[in-house]
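Given the structure is predicted, the values throughout are model-derived calculations rather than measurements.
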Amino acid sequence: MSNPDQIQRILFDNLDIRGVVVGIEETYQDILALHEYPMAIRQALGEMLAAVSLLSTTLKFEGRLLLQAQGSGRVRALMAEINQNRECRAIARYEGEVDDSANIIDLIGDAGHLVITVEPESGQRYQGIVPLEKDTLSDCLTDYFLQSEQLPTQIHLAADDQRAAGFLLQVMPAVGTKENDWEHISHIGATLKSEELLELDNETLLYRLFHEENCRLFDPDPVVFKCDCSRKRSANALQFMTQEELSEMIAEQGVIEVGCQFCNAHYRFDETDIKAMFSDSAHVPKSDQVH
């Protein structure tokens, strides 16, 4: 397949066009192992992970990039996110039976849309909304770049139950390129098949497509699964409630347990923790974390 668990950029020496290829395998399996998703949702999440990995290369930031698909179908939401360290995670929310042959557009249903959110560690949060009006996720994202960013772009996404991969071609921002150059390169890129994207290594894939062009691969960046949930973040979430409300919950339940839907970690807080949370030092003692 495209080299597993890494992002690799493609440079065209004589053209103002960039490329990116991403392959996700062990990372993909680590995420899927946490939930018993139906086949169609597994593949949809694979495409989402490949997509958010590709999108992250179009930005220079420190923070998180989130891609969410929402609608009125059996699958209420799909979400994948990645940070500047190429640490990613993903989750799906769905109800009832799901047809194994359904694609991501079928799963999300009518009035579906994509939400692209950039959350920098410092600076302003950005959010873009993309209607799911095309037949595939890749076509919807291609339209987003063309209409919202005015950047001619081509995106390919593929996933099965074992691996996911993505491929992007794009005119470089603020540079532009000759129309004939883009037509030529994008025409070649359009011949890429999903099977090739999943099965060929990056060197072979690049030669298969662009052996007549002057292009080369950059050194790869690894992609890994890592959930950034923590006891501190869970405590911060609890503090949207008052100390009295939390104490009442503990009186009824004995303990408050906050679970992470991404990785299934659980963080427990007792009365001592709640008192410490609202003290001047706001220090939260370490209690049990349960996976």
Side-chain angles (χ1 to χ4, degrees), residues 22 24 27-28 31-56 58-59 63-83 88-119 125-149 151 153-161 163-168 194 197-198 225 227-229 237 259-264:
V22 59
I24 306 173
T27 302
Y28 182 38
I31 291 170
L32 293 181
L34 296 168
H35 306 276
E36 295 183 1
Y37 291 130
M39 177 65 71
I41 293 180
R42 292 165 69 92
Q43 293 178 345
L45 281 179
E47 289 191 19
M48 293 281 287
L49 282 163
V52 80
S53 299
L54 292 176
L55 294 180
S56 71
T58 69
L59 302 170
R64 296 192 298 171
L65 174 65
L66 296 86
L67 180 64
Q68 297 170 276
Q70 302 171 345
S72 58
R74 290 288 179 89
V75 178
R76 311 300 293 184
L78 298 163
M79 187 173 82
E81 67 176 62
I82 192 168
N83 63 21
C88 59
R89 61 182 188 173
I91 195 171
R93 304 181 192 278
Y94 70 101
E95 297 175 353
E97 297 294 324
V98 174
D99 184 352
D100 283 345
S101 64
N103 65 20
I104 189 171
I105 308 301
D106 299 328
L107 294 174
I108 293 299
D110 296 335
H113 59 275
L114 290 173
V115 181
I116 300 171
T117 306
V118 180
E119 294 183 349
R125 184 173 181 263
Y126 167 82
Q127 195 167 76
I129 298 178
V130 186
L132 287 173
E133 297 176 338
K134 300 293 184 177
D135 293 334
T136 65
L137 175 60
S138 56
D139 287 343
C140 293
L141 289 171
T142 296
D143 264 12
Y144 166 75
F145 278 105
L146 185 59
Q147 296 178 19
S148 300
E149 306 293 331
L151 288 175
T153 302
Q154 185 179 110
I155 294 175
H156 298 264
L157 302 169
D160 56 24
D161 65 334
R163 54 207 169 177
F167 180 79
L168 177 146
S194 295
L197 185 55
L198 287 171
F225 163 65
C227 187
D228 63 355
C229 73
C260 175
Q261 295 182 346
F262 284 93
C263 69
N264 293 330

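For the atom pair M39 CE and I41 CD1, the distance stands at 11.5 Å (nearest 0.5 Å). To the nearest 0.5 Å, atom OH of residue Y94 and atom CD1 of residue I108 are 13.5 Å apart. Atom NE2 of residue H35 and atom CZ of residue R42 lie 11.5 Å apart, to the nearest 0.5 angstrom. T58 OG1 to L65 CG: the interatomic distance, rounded to the nearest 0.5 Å, is 7.0 Å. The distance from atom CG of L78 to atom CD of Q68, rounded to the nearest 0.5 Å, is 10.0 Å. In this structure, the separation between CG on N103 and OG1 on T136 is 8.0 Å, given to the nearest 0.5 Å.
The heavy-atom pair separating C227 from F262 by the smallest distance is SG-CB, 3.9 Å. In terms of heavy atoms, H156 sits closest to L197 at O-CD2, 3.9 Å. Considering every non-hydrogen atom in both C263 and C229, the closest pair reads SG-SG, 3.5 Å. The two atoms that bring Y37 and A92 nearest to each other are OH-N, 3.1 Å, heavy atoms only. Of all non-hydrogen atoms in L107 and A102, the two that sit nearest each other are CD2-CB, 3.8 Å. In this structure, V22 and A50 approach most closely via the heavy-atom pair CG1-O, 3.8 Å.
Residue C140 is tested with I104, D135, L132 for a side chain to side chain contact (heavy atoms under 4.5 Å, CB included); the sole match is L132.
Under the 4.5 Å side-chain criterion, counting only non-hydrogen atoms from C-beta, L59 is not in contact with Y126. Here the side chains of L114 and L137 are in contact, with some heavy-atom distance below 4.5 Å. When side chains are defined from C-beta on, L141 counts as touching I116, because their heavy atoms get closer than 4.5 Å.
Heavy atoms of other residues, nucleotides or ligands lying less than 6.0 angstrom from CD of E119 number more than 12.
Panel note: side chain R163, backbone Y28; no donor-acceptor pair is recorded below 3.5 Å. The closest donor-acceptor contact from the side chain of H113 to the backbone of E133 lies at 3.5 Å or more, if one exists at all.
E81 meets the salt bridge (charged side-chain N to carboxylate O under 4.0 Å, His left out) test with R64, R89; sequence neighbours excluded.
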Audit row: L54, I155, side-chain contact (heavy atoms from CB on, under 4.5 Å) steps and yes/no = CA-CA 9 Å; L54 292 176; I155 294 175; 4.2 Å; yes
